[in-house]
*Asks:* 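I'd like to ask you about the structure that follows.
In the text below, chain A, chain B and the rest are named by the order of the sequence lines, each starting its count at 1.
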Amino acid sequence: MPIHNLEVAQKFNKLANLLEIQGANPFRIRAYRNAARVIDSLSKDIADMIAEKEDLTELPGIGEDLAEKIKTIIKTGELPLLKQVEKRIPSVLSELLEVEGLGPMRVKMLYKNLKIKSIEDLKTAIKKGRVRKLAGFGEKTEKKILQGITHRYEYAKRNRLADTFSIVDSLIRHLKRDKTVKQVECAGSFRRRKETVGDLDILATAEDGKKTVEHFIKFEEIAEIISRGPTRSTVRLRSGIQVDLRVVPETSYGSALLYFTGSKEHNIAIRKIAVQKKLKINEYGVFKGKKQIAGKTEEDVYRQINLPYIAPELREDRGEIQAAQKKQLPQLITLESIRGDLHCHTSATDGNADLAAMAKAAEELGYTYLAITDHSQRMSMTHGFDKKAILAQIKAIDKLNEKMKKLVILKSIEMDILEDGSLDLPDEVLKELDLTVCSIHSKFNLPQKKQTERLIRAMDNIYFTILAHPTGRLINQREAYAINIEQVMQAAKERGCILEVNAQPDRLDLNDIYCKMAKEMGIKLAINTDAHSVSQLDYMKFGVFQARRGWLEKSDVINTLPLQALKKLFKR
DNA sequence: GCCGTTTTCGGCCCGACTGTTTTCAGTCG
């Protein structure tokens, strides 16, 4: 049974939590958390790295000790130190740290004095009024903890990025109604375009922060005001989303934006560089001694530590700072460079607009090509195409293409990959198409080896062009099916197959880490909407966001090419 | 526990708000 990166990361995180409750050296705790994060965002299985005798201490934040611990976990599935610590601090205490308002000190107090181990214990103790009697606790703290327990279940899920766009829009419009507010922007993971967003972090500049906060808390969607001070406030909206507002003077806007955009890890890394240069960076600016020397724009702040501007999507401390120092940052792809969409459906199968409507909409977006990719026969519930139906659609497209002025409709199909890796329609039909978009819609639970072989065998077919939603995951709903992603990518590279970045808000598949991995392996990608309606063609921006987070440039993405160059790529 | 243009020891990012205190610890981002 192979041990996955996630499990190694979870063990380190748990150990960090327990050590924190125990009162260990905070920097040692940070080292474990940092290692967990680094391992979790690796594009490669750490077990494979060990098998290939790679030096784990080359990884940032991994030294001799942690490298040994990782090897032990991979070999035995256990972390002896964690077992040892669990003897003194029950493992379940880790879960108490997830409650809003509870940190390591309070969890320790609750355990030592009241023997509280679980959330259930905690609820009972609060009901009996025992918690408020502890030193440092009071009635209000008790109430807050109780609320934290409720919120833990209600608001545990992070929101899909696309779902937060309209909320952010109404928040910003509300703040702008206050005429003393000058600049407003939503920072945080929203600005980094992370596929899911937890809290919303709003930054504003104004002369009088107190007045701005007063205006902010009048926002009609607010359910609860959690805190309010002269420069910041935290509220919870009726939708459950927490919003943090921060107000700073204009001279600090850049450094505050940087700080509030994060990621936390990116901030720590750049503040460290500042310390080396005898400077201090905080949300108010860059300081030399007590004197502010920069802070109005993000560019100013980066310049002070000899770095070029780093796009928000890259700010994860996953190598962007090192790349910036070497002047090797990618020129990230933009929405404007997309020339067409290579995956969409019509009402002939499960879409809700017909061929002409989809083509017209794509033309209005300024596209020069659009591939129509209705389902194949295996997808019977969508009225998937058999041989006769696809030949009829080819005819219809030929006819419509004669009338189109600026747009060429490409003939294609979303071909089901069957359990044995064969394709759902014979080659004699596939050769009539410009390209194929192939994907898995059944048998998600095959063992990893079989699922990997299934995909590779499908790619053996010379009419296979694009692997659509390559991992099959659905955000907050379904895990990816088990495949060896490195082997699949290697096979795609050898056969000249393209991988998709599917822009549907609940797919965003490939994810950011796999995008970067594909790019590093020299594989080309296509960003497609998989639109089932005219309006869904606008999902393209979400695909581009994910691609940017995956360091993709225009040259990595095939649907930035002019039609002639694109067609050459389709020929294998 | 990691790390090194202050290099094998001694540092490790920085500040706001709340509640329980009566000057600050704890938590959060």
Side-chain angles (χ1 to χ4, degrees), chain A residues 12 15-16 19-21 23-38 56-70 81 96-110 131-145 147-148 151 187-189 198-203 209-210 213 225-235 242-248 252 255-256 258-287 295 301 305-306 317 325:
Chain A
F12 283 152
L15 178 58
L19 286 173
E20 198 170 29
I21 294 167
N25 177 352
F27 298 105
R28 184 178 166 218
I29 293 159
R30 184 191 291 174
Y32 282 116
R33 293 227 167 95
N34 189 41
R37 182 184 59 87
V38 167
L56 299 183
T57 64
E58 297 275 303
L59 294 171
I62 309 288
E64 294 293 333
D65 181 89
L66 282 171
E68 274 312 307
K69 287 194 167 78
I70 294 168
L81 178 61
L96 287 176
L97 286 179
E98 289 167 22
V99 176
E100 219 175 273
L102 280 188
M105 301 308 285
R106 284 179 180 157
V107 169
K108 191 177 175 180
M109 281 282 283
L110 291 169
V131 171
R132 69 181 69 176
K133 288 181 188 145
L134 289 175
F137 287 73
E139 241 175 285
K140 279 194 170 173
T141 309
E142 215 179 53
K143 210 171 149 195
K144 229 180 149 183
I145 294 172
Q147 263 182 351
H151 289 166
S189 49
D199 303 341
L200 296 175
D201 304 301
I202 310 279
L203 180 68
K210 212 173 161 191
V213 169
I225 297 165
I226 296 168
S227 81
R228 52 194 281 198
T231 68
R232 67 181 304 168
S233 171
T234 299
V235 301
Q242 185 176 307
V243 184
D244 297 325
L245 170 75
R246 187 72 190 257
V247 191
V248 297
S252 300
S255 37
L258 189 64
Y259 156 73
F260 230 23
T261 298
S263 66
K264 191 177 172 185
E265 290 78 15
H266 179 88
N267 287 345
I268 289 175
I270 66 161
R271 286 176 178 193
K272 261 188 193 165
I273 297 175
V275 170
Q276 284 164 12
K277 294 188 185 299
K278 297 198 187 300
L279 299 173
K280 182 176 76 171
I281 296 180
N282 59 26
E283 56 262 55
Y284 296 108
V286 183
F287 294 85
V301 178
I305 51 171
N306 295 332
D317 193 23
Q325 283 169 330

*Asks:* Looking for any heavy atom pair under 4.0 Å, which part of the strands does A:Ile281 touch: base, sugar-phosphate only, or nothing?
*Replies:*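 Since only primed, P, OP1 and OP2 atoms lie under 4.0 Å of A:Ile281, the category is sugar-phosphate.
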*Asks:* I'd like to know if the side chain of A:Asn282 reaches the main chain of A:Gly285, judged simply by a donor and an acceptor atom lying under 3.5 Å from each other, with no hydrogens or angles considered.
*Replies:*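 Here the side-chain-to-backbone pair exists.
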*Asks:* Can you name the residues that form a side chain to side chain donor-acceptor pair (under 3.5 Å) with A:Thr231, not counting sequence neighbours?
*Replies:*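 Result, side chain to side chain donor-acceptor pair (under 3.5 Å) vs A:Thr231: none returned.
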*Asks:* So what does A:Leu102 touch, heavy atoms closer than 4.0 Å: a base, only the sugar-phosphate, or nothing?
*Replies:*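 Sugar-phosphate, no base atom in range.
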*Asks:* Expressed as a whole number of Å, how far does the C1' atom of B:dC9 sit from that of B:dC14?
*Replies:*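 Pairwise C1' distance, B:dC9 against B:dC14, rounds to 24 Å.
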*Asks:* Rounded to whole angstrom, note down the P distance from B:dG1 over to B:dA16.
*Replies:*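 Straight-line distance between the two P atoms is 33 Å.
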*Asks:* Pick base, sugar-phosphate or nothing for A:Pro26, based on heavy-atom distances below 4.0 Å to the nucleic acid.
*Replies:*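 If one applies the 4.0 Å heavy-atom cut-off, A:Pro26 turns out to touch nothing in the nucleic acid.
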*Asks:* Partners of A:Lys277 by side chain to side chain contact (heavy atoms under 4.5 Å, CB included), sequence neighbours excluded?
*Replies:*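 A:Ile273, A:Leu279, A:Ile305, A:Asn306.
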*Asks:* Rounded to whole angstrom, note down the C1' distance from B:dT8 over to B:dC2.
*Replies:*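 Those two atoms are separated by 12 Å.
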*Asks:* Provide the start and end nucleotides, 5' to 3', of the part of DNA chain B that has atoms under 4.0 Å from heavy atoms of chain A.
*Replies:*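 Contact boundaries, 5' end first: B:dG1 to B:dG29.
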*Asks:* Less than 3.5 Å apart, which donor and acceptor atoms pair up between the side chains of residues 97-110 of chain A and the rest of the protein, not counting sequence neighbours?
*Replies:*
unit_1	atom_1	unit_2	atom_2	d
A:Glu98	OE1	A:Arg152	NE	3.3
A:Glu98	OE1	A:Arg152	NH2	2.9
A:Glu100	OE1	A:Arg236	NH2	3.1
A:Arg106	NH1	A:Gly101	O	3.0

*Asks:* Please measure how far the P atom in B:dG11 lies from the corresponding atom in B:dT6, and state the result in whole Å.
*Replies:*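 It works out to 15 Å between them.
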*Asks:* Expressed in whole Å, how much space separates the P atoms belonging to B:dT22 and B:dC17?
*Replies:*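 It comes out at 23 Å once rounded to the nearest Å.
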*Asks:* Please give the distance between the P atoms of B:dG10 and B:dG15 as a whole number of Å.
*Replies:*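 Roughly 25 Å separates the two P atoms.
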*Asks:* Within the 4.0 Å heavy-atom criterion, would you say A:Tyr284 contacts the bases, only the backbone, or no part of the nucleic acid?
*Replies:*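 Touches sugar-phosphate only.
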*Asks:* Pair A:Leu66, A:Tyr32 - check side chain to side chain contact (heavy atoms under 4.5 Å, CB included), show working.
*Replies:* CA-CA 8 Å; A:Leu66 282 171; A:Tyr32 282 116; 3.5 Å; yes
*Asks:* Mind checking A:Lys69 for me? I need base, sugar-phosphate or nothing, with any heavy atom below 4.0 Å counting as a touch.
*Replies:*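 The residue A:Lys69 makes sugar-phosphate contact but no base contact.
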*Asks:* Expressed as a whole number of Å, how far does the P atom of B:dT21 sit from that of B:dC13?
*Replies:*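 Result for the P pair: 32 Å, nearest Å.
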*Asks:* I'd like to check the salt bridge (Lys or Arg N to Asp or Glu O under 4.0 Å) partners of A:Lys69; sequence neighbours left out, ordered by chain and number.
*Replies:*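 Only A:Asp65 meet the salt bridge (Lys or Arg N to Asp or Glu O under 4.0 Å) criterion with A:Lys69.
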*Asks:* Run the side chain to side chain donor-acceptor pair (under 3.5 Å) test against A:Thr261 and tell me which residues pass, sequence neighbours left out.
*Replies:*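 For A:Thr261 the side chain to side chain donor-acceptor pair (under 3.5 Å) partners, ignoring immediate neighbours, are A:Arg191.
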*Asks:* Partner of B:dT8 by Watson-Crick or G-U wobble geometry, both contacts under 3.5 Å, or none?
*Replies:*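 The answer is none; no pair meets the criterion.
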